[in-house]
Amino acid sequence: MTTLTRQDLNFGQVVADILCEFLEVAIHLILYVREVYPSGIFQKKKKYNVPVQMSCHPELNQYIQDTLHCVKPLIEKNDAEKVAVVIMDKEHHPVERFVFEISQPPLLSISSDTLLSHVEQLLRAFILKISVCDAVLNSNPPGCSFTVLVHTREAATRNMEKVQVIKDFPWIVADEQEVHMPDSRLIPLKTMTSDIVKMQLYVEERAQKT
Amino acid sequence: MDELYLDNIDEYVNDHNKIVTYKWLSLTLGVHVNTAKQMLFHYLDHKRKESSTPLHATYLVTGKLVENGNTSHKVSVVREEQLEDVKSKMSLTVSVHVYSVQKAALKDSGPLYSVDYDAVKDNLDSCSRYSAIKCADAVPFSPAEMRHASDALQFPATEPHQSKSASVNGQGNQTSKPATKPQPKGIMGMFTSKAAPKNQEPGKEIKVEQKEDTTTGDVSKSKSAPKASPMSNFFGTQATKRSEKTVKEETTSSSSVETKSETSPPAKKVKETHPKEVKVKETQPKEAKAEETQPKERKEPSDSEEEKMETKKRRRIKKPQSDSSDDDDVIPDSPKQQEMRKPPPTPERLLKEKIVSQPNECKRRKRRRVMKSHTFMDEEGCIVTEKGYESESYSESEDHVQAGKPANVPAKAATGKREDEKKAKKKMSPPANKGTKQASIMGFFQKK
């Protein structure tokens with residue numbers, strides 16, 4: 001059993017890696033389940049020992065990877081409070097938001113034997129919940145697009161604007177229009193608590209989608 | 001009591017929004033699977049009569065199917081809408097039962113597996129406790145038998161392990177290949193399959209580590225030798241370093257192998273040990289070199305060019321050996337090797353490296369069907385990705401499948417050193433062109 005603190009950057013990187021991998025799979029799965037893109041571009045792949053649908057489109061994959069590459073430093077420093085995948089209709093009004101609330105405990109005690117497999121099990125449950133979420137959600141109008149918003153603690157975004165982590169991939173402060181969703185109802189999907197991270201997934205859905 | 005299960009299932013399906021499969025239900029409630037199936041059926045029936053929330057169900061259908069004159073026993077999980085359709089196609093329906101009940105309309109079958117995964121994992125030692133499939137002879141091993149079995153497995157352990165790692169990486173088709181040459185084909189599989197590069201990377205590491213295990217263990221090192229040279233040809237620096245390390249580990253014993261093999265080896269085997277040994281010469285005394293030159297002189301003239309290439313190469317590496325460390329030797333090699341695929345490099349020695357490796361592989365050309373994905377722009381300006389099986393010819397060590405045949409044939413025929421250089425240069429350009437073309441396709445996969 002080792003006790004590590006947030007200053008142990010190595011461990012912070014490990015947690016950030018795990019979370020970013022998970023977020024990548026989750027974003028692909030959300031795009032598949034909510035039919036944002038036609039299902040033909042998706043292919044079954046294996047993650048956490050279960051089949052998941054990942055897209056094959058190179059530009060889409062690159063976009064998602066670049067996005068998460070920029071989010072990773074925020075997660076490492078525990079600056080990212082929420083990562084939201086927002087699905088917008090043709091007029092760029094949000095219809096659905098899948099919000100991942102992430103928090104990391106300051107002091108971690110790890111027994112590494114079962115830790116990672118336990119975390120894997122929890123992440124598997126998240127994946128499963130996303131797969132069946134269309135039972136509780138109304139279907140989206142056609143022609144939707146998506147974007148990823150990150151809510152950070154304090155003023156971490158200022159750094160992101162100044163320093164371009166990836167060239168030609170700038171992050172900008174989101175518009176009020178993209179963030180605010182009128183008449184929304186909240187549907188919790190899954191919560192997980194583990195030694196290294198606490199995560200909650202819920203969906204905010206606009207009451208009238210079309 | 002009898003009706004309690006209906007409430008249970010109702011809670012799982014409606015409140016928790018779970019997918020309730022019969023297997024999960026039987027493990028959760030501790031009932032026999034047939035009971036679980038009946039429970040699900042009754043629940044479905046009950047709910048449908050009430051017609052409250054829409055429920056979806058999947059069914060497991062088994063039966064005999066006659067297709068193109070072949071009779072087969074088909075087992076499939078189908079959605080409710082397709083149930084009647086599938087049943088009508090079967091000549092004889094053996095069994096139909098409810099597989100799962102859920103609120104969501106499932107788009108694909110992935111979640112059905114995920115649902116059972118954790119339940120089965122928790123009950124791994126007794127997952128067939130409630131199962132209807134029984135075999136009286138299937139009895140777990142006693143501890144004595146287990147020890148005996150594990151001892152027996154230790155020596156051929158590496159080969160099943162390789163095939164296991166191959167299947168873990170998503171290349172299930174590799175397990176059927178002959179055990180004598182699992183490694184090169186596993187490596188080839190990595191470069192041509194559609195597994196994500198993430199899988200490829202750990203796969204590469206696993207394969208290299210496997211190579212370390214096998215090469216340090218066996219006496220038949222000459223067999224493993226061909227694997228090192230193709231590997232070093234297209235792995236990056238890191239992997240090359242590792243293969244160098246494994247080669248180092250086997251230099252001491254391989255030099256003894258060399259002496260044995262002087263007497264009557266097939267010319268190819270001995271020749272193949274050379275590219276590796278050549279690279280790791282630093283610790284070897286000069287006698288080892290003398291030993292190696294001897295078998296060379298005995299070879300047929302058709303192989304003489306390769307030997308001369310190798311001696312040249314060996315001399316080159318021996319020279320700076322006193323100045324620089326092993327890694328310095330190795331590191332300049334591999335990036336240059338990769339550059340060979342681009343417009344021809346200037347150093348002659350690199351050309352010879354390629355010649356050395358290519359003739360080794362030309363004998364092992366095979367055809368195989370590979371799933372290839374072509375991304376192109378169609379009339380409407382949309383990017384289209386088509387996946388299809390293609391039959392292509394490959395030689396085990398090449399990562400891009402090309403007609404290396406015209407390139408290899410001159411290698412065999414040439415005798416003089418000068419001629420070789422010219423032909424080597426000629427050889428360089430076709431692979432180089434194809435290299436650039438191939439790089440774009442491979443780049444698509446490696447990006448992921």
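Given the structure is predicted, the values throughout are model-derived calculations rather than measurements. Within every chain, numbering begins at 1; the chains are lettered A, B, ... in the order of the sequence lines, protein sequences first and strands thereafter.
- Between the side chain of K44(A) and the main chain of D108(B), no donor-acceptor pair closer than 3.5 Å is present.
- Environment of CZ in F41(B): sparse, with no more than 12 heavy atoms of neighbouring residues, nucleotides or ligands closer than 6.0 Å.
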Requested in this report: Please test D134(A) against L106(B) for side chain to side chain contact (heavy atoms under 4.5 Å, CB included), starting from the C-alpha separation and ending with a verdict.
Outcome: CA-CA 9 Å; D134(A) 55 344; L106(B) 291 177; over 6 Å; no
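- Summarising the geometry of K129(A) relative to H16(B), their closest heavy-atom pair is NZ-O, 2.7 Å, with the distance given to 0.1 Å.
- Of the two parts of N17(B), the backbone and the side chain both hold a non-hydrogen atom closer than 4.5 Å to a non-hydrogen atom of chain A.
- We find the OG-NZ distance between S117(A) and K121(B) to be 5.5 Å, quoted to the nearest 0.5 Å.
- With a 4.5 Å cut-off on side-chain heavy atoms, Q53(A) and K107(B) do not count as touching.
- By the 6.0 Å contact criterion, NZ on K190(A) is enclosed, its count of non-hydrogen atoms from other residues, nucleotides or ligands being greater than 12.
- The candidate with the highest count of non-hydrogen atom pairs below 4.5 Å against chain B, out of V33(A), N49(A), V136(A), V52(A), is N49(A).
- For E59(A), the CD atom sits in a loose shell: 12 or fewer heavy atoms of surrounding residues, nucleotides or ligands are nearer than 6.0 Å.
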